[in-house]
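Accompanying notes for the structure given below.
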Amino acid sequence: MMADLMFRKQDYEQAVFHIQQLLERRPDNYPTLSRLIDLLRRAGKLEEVPRFLEMVEKHSSRARLEPGFNYCKGIYLWYTGEPNDGLRHFNKARKDNEWGQNAVYNMIEICLNPDNDTMGGEVFENLDGDIGNSTEKQESEQLAVRTAEKLLKELKPQTIDGHVQLRIMENYCLMATKQKANVEKALNAFTEIANNEKDHIPALLGMATAYMILKQTPKARNQLKRIAKMNWNAIDADEFEKSWLLLADIYIQSGKYDMAGELLKRCLRHNKSSCKAYEYMGYIMEKEQAFRDAALNYEMAWKYGNQTNPTIGYKLAFNYLKAKRYVDAIDICHKVLEAHPNYPKMRREILDKARAAIRS
C-alpha cells in the first residue's frame, strides 16, 4: 500500500493524501481511519480529524454504535488531551472481537498515565511538586492502577508477540505503584525480556523507566543511549519517542541543553504533535531567559494539547508576561481559570501582574 511506504519514509503528508482518497470512497473503513488519525497526529494536523469522523456519521446512521467508530474517536480524543472522553469511547469498543484488545491496551495506558507525562522523568516533577504530591492525586493514581490491573485480566493474546506485550503492560502496572519492591520486580522482568529478545525497544524503555524511579540515573541513561542509536521503525514509534523524551529529560537535569535539544528535534520530526517535546523546548528556552522563544514553544504545546493542560497554560502565560505580551498572558489566564478556578498562583503571579503592567 502506497501510504505504508510513505509512512516508513516519514513522508506523512503524502501518506495522508493516499489514505484520504481511500476514505472518501468508503468513510466507514475503520482500520484505514485509525491509520489516518495516527498519520495526521504525526503530520501535526489533528484538527483535520473531526471532518472524517463527521463524514462517517453522515455515511452511516449506526456509526456511533459501531466499535470501530468508537475506537477511532477514542484515539482522537486521547491524542488531543481528553483522556476521560477517550476512555468512554474505548469502553464502547472493548468487548468487540476486532477492536477490543487494542481498546483495552489504550485504556490501561490512559489509567497509568492520563496526562501523558514522561514516566521516570524528573524535570517537571520537581516543578509541579506542590500540585503533584497532594493526597487526593495519590489516591486517584492508586485507584487508576487498580482499574488497570482489572483491565489486564481482559487481555487474551493469541501470538507470542502478544504475550510479550501483555507482560510488558503487567510490569508497567507494577511500576505505577511506585513501591520499591514492585519496581525492582518489574525491572527484573524487563531485563529478562531484553535478554531474550534482541533490541526489544519496549523492554529497554521499561528498564530505563524502572532505573529512573529507583534513582539509578546512569543505568537508565545507558539503556536510553542504546535506543537512541537504533534505527527508527513504525511499530515502536511511540516507544522511540518516549525514550528520546526521557533521555532529553536526563540531559536537561544535568544542564546539557544542546544534547537535549537534538533529541527533541528528532521527536518533532517523527511526531509534529508531540506536546511534551514542545514543553521541554519551552523549558530550555525559559532557563536560557529567551522568553519569546519559550512562549513560541509553549504555544505549540498548548495548541497540540487542545488547550486543556493547565500546567502548560500557566507556563505559556508566565512566558508571555516575561516577554511583555500582557494581553496574551491575560487571555491564557482566563482560559485556564475558567476550567480550573483554583489553579495555584495563576491569579496572583500572572493575571494581577499583567493587569498592573498594562495600567502602568
Margin query: If I compare all heavy atoms of I350 with all of A329, which pair ends up nearest, and what's the gap?
Written below: CG2-CB, 4.3 Å
Next item on the list: Could you tell me whether I160 atom CD1 has more than 12 heavy atoms of other residues or ligands within 6.0 Å of it?
Entry: no
Margin query: Do the side chains of D28 and R26 get close enough for a salt bridge, i.e. N-O under 4.0 angstrom?
Written below: yes
Margin query: As a quick check of understanding, evaluate salt bridge (Lys or Arg N to Asp or Glu O under 4.0 Å) for R146 and E149, giving each step before the final call.
Written below: CA-CA 5 Å; R146 286 199 292 276; E149 286 167 349; over 6 Å; no
Next item on the list: Nearest 0.5 Å please: distance from the CG atom of N182 over to the CD1 atom of I213.
Entry: 10.5 Å
Extract all donor-acceptor atom pairs below 3.5 Å that involve side chains of residues 200-210 and protein atoms in other chains or at least two apart in sequence.
unit_1, atom_1, unit_2, atom_2, d
H200, ND1, A203, N, 3.2
T209, OG1, L205, O, 2.8

Next item on the list: Could you tell me which residues satisfy salt bridge (charged side-chain N to carboxylate O under 4.0 Å, His left out) with E57, sequence neighbours excluded, listed by chain and number?
Entry: R64
Next item on the list: Grab the two heavy atoms, one from A148 and one from C111, that are nearest each other, plus how far apart they are.
Entry: CB-CB, 4.0 Å
Notebook entry, point to check: Would I250 and M212 satisfy side chain to side chain contact (heavy atoms under 4.5 Å, CB included), going step by step from the backbone distance to the final call?
Noted result: CA-CA 9 Å; I250 292 171; M212 286 303 288; 3.7 Å; yes
Margin query: Once rounded to the nearest 0.5 Å, what's the spacing between atom CD of E241 and atom CG of L268?
Written below: 8.0 Å
Check: Does one hydrophobic cluster hold both L143 and V104, with members joined at side-chain heavy-atom distances below 4.5 Å?
Finding: no
Checklist line | Separation of L247 CG from I252 CD1 (nearest 0.5 Å) | finding: 10.0 Å
Notebook entry, point to check: Under the side chain to side chain donor-acceptor pair (under 3.5 Å) test, which residues partner N188, sequence neighbours left out?
Noted result: none
Next item on the list: For T118, check side chain to side chain donor-acceptor pair (under 3.5 Å) against everything at least two apart and list the hits.
Entry: Y280
Check: residues 165-176 side-chain donor-acceptor pairs under 3.5 Å, at least two apart:
unit_1, atom_1, unit_2, atom_2, d
R167, NH2, E192, OE1, 3.4
N171, ND2, R167, O, 2.8

Notebook entry, point to check: Does the pair D38/R35 count as a salt bridge with the N-to-O cut at 4.0 Å?
Noted result: no
Note to self: Regarding E66 and Y30, do their side chains bring together a donor and an acceptor under 3.5 Å, going by distance alone?
What the structure shows: yes
Item checked: From OH (Y76) to CG (L53), nearest 0.5 Å -> 7.5 Å
Check: Distance-only, no hydrogens or angles: does the R94 side chain make a donor-acceptor pair with backbone N or O of M107 under 3.5 Å?
Finding: no
Next item on the list: Return the set of residues passing side-chain contact (heavy atoms from CB on, under 4.5 Å) with D96 (not counting sequence neighbours), or none when no residue passes.
Entry: P67, E98, W99
Checklist line | Side-chain ion pair, E184 and K180, N-O less than 4.0 Å | finding: yes
Margin query: Return the CG to CG distance between N106 and L151, rounded to the nearest 0.5 Å.
Written below: 11.0 Å
Checklist line | Worked verdict on F90 versus Y71 for ring-ring contact (aromatic ring centres under 6.0 Å, His included) | finding: CA-CA 5 Å; F90 287 137; Y71 180 86; 5.5 Å; yes
Check: Any sub-3.5 Å donor-acceptor pair from N319's side-chain atoms to K315's backbone N or O?
Finding: yes
Item checked: Which atom of P50 lies closest to which atom of L46, heavy atoms considered -> CD-O, 3.7 Å
Next item on the list: Kindly check if the number of other-residue, nucleotide or ligand heavy atoms within 6.0 Å of CZ (R266) is above 12?
Entry: yes
Next item on the list: On the 0 to 90° scale, with breaks at 30° and 60°, tag the W244-F240 ring pair as parallel, tilted or perpendicular.
Entry: tilted
Notebook entry, point to check: Can M230 be reached from W232 by stepping across I, L, V, M, F, W or Y side chains whose heavy atoms are under 4.5 Å apart?
Noted result: yes
Margin query: Would you say that more than 12 heavy atoms from the other residues, nucleotides or ligands in this model lie under 6.0 Å from the CZ of R51, or not?
Written below: yes
Check: Can you pull the salt bridge (charged side-chain N to carboxylate O under 4.0 Å, His left out) pairs that have at least one residue in residues 195-222, sequence neighbours excluded?
Finding: E122-K215, D199-R226
Item checked: Counterpart residues, side chain to side chain donor-acceptor pair (under 3.5 Å), relative to N116 (two or more places apart) -> none
Check: Are K335 and E338 close enough for a salt bridge, meaning some N to O gap below 4.0 Å?
Finding: no
Note to self: I'd like to know if the side chain of N113 and the backbone of D117 have a donor-acceptor N/O pair within less than 3.5 Å.
What the structure shows: yes
Next item on the list: Give the minimum heavy-atom separation between L245 and S274, together with the two atoms involved.
Entry: CD1-OG, 4.4 Å
Residues 294-304 side chain polar contacts: donor-acceptor under 3.5 Å, at least two apart:
unit_1, atom_1, unit_2, atom_2, d
N297, ND2, D293, O, 3.1
Y298, OH, Y283, N, 3.2
Y298, OH, E286, OE1, 3.1
E299, OE2, Y320, OH, 2.6
E299, OE2, R325, NH1, 3.4
E299, OE2, R325, NH2, 3.3
Y304, OH, G44, O, 3.2

Next item on the list: For N309 and T311, indicate whether the former's side chain and the latter's backbone hold a donor-acceptor pair under 3.5 Å.
Entry: yes
Checklist line | Nearest heavy atoms of E154 and Q101, plus distance in Å | finding: O-NE2, 3.4 Å
Notebook entry, point to check: Are there more than 12 heavy atoms of other residues, nucleotides or ligands under 6.0 Å from atom CG of D258?
Noted result: no
Next item on the list: Answer yes or no: is there an ion pair linking D238 with R42, defined by an N-O contact shorter than 4.0 Å?
Entry: yes
Next item on the list: Would you check if the side chain of N195 reaches a backbone N or O of T191 as a donor-acceptor pair within less than 3.5 Å?
Entry: yes
Note to self: Do K178 and E141 make a side-chain contact, defined as non-hydrogen atoms from C-beta onward lying under 4.5 Å apart?
What the structure shows: yes
Margin query: Once salt bridge (charged side-chain N to carboxylate O under 4.0 Å, His left out) is applied, do any residues pair with R88, and if so which ones, sequence neighbours excluded?
Written below: D85
Check: Are the side chain of N233 and the backbone N or O of D236 linked by a donor-acceptor pair below 3.5 Å?
Finding: yes
Check: If you measure from CE on M259 to OG on S254, what distance do you get to the nearest 0.5 Å?
Finding: 8.0 Å
Notebook entry, point to check: Do the side chains of M285 and Y257 join up, straight or via other hydrophobic residues, at under 4.5 Å, putting them in one cluster?
Noted result: no
Next item on the list: Without swapping roles, check the side chain of K156 against the backbone of K153 for a donor-acceptor pair under 3.5 Å.
Entry: yes
Margin query: Please say yes or no: joined through hydrophobic side-chain contacts below 4.5 Å, possibly via intermediate residues, are L87 and L65 part of one cluster?
Written below: no
Next item on the list: Taking all non-hydrogen atoms of both residues into account, name the closest pair between A357 and S360 and its distance.
Entry: O-OG, 3.0 Å
Item checked: Donor-acceptor pair, side chain of S60 and main chain of V56, under 3.5 angstrom -> no
Next item on the list: Just grab all the salt bridge (charged side-chain N to carboxylate O under 4.0 Å, His left out) pairs involving residues 71-82, residues at least two apart or on different chains.
Entry: none
Item checked: For K242, side chain to side chain donor-acceptor pair (under 3.5 Å) partners two or more places apart -> E109
Checklist line | ILVMFWY cluster, Y326 and F291 together (side-chain gap under 4.5 Å) | finding: no
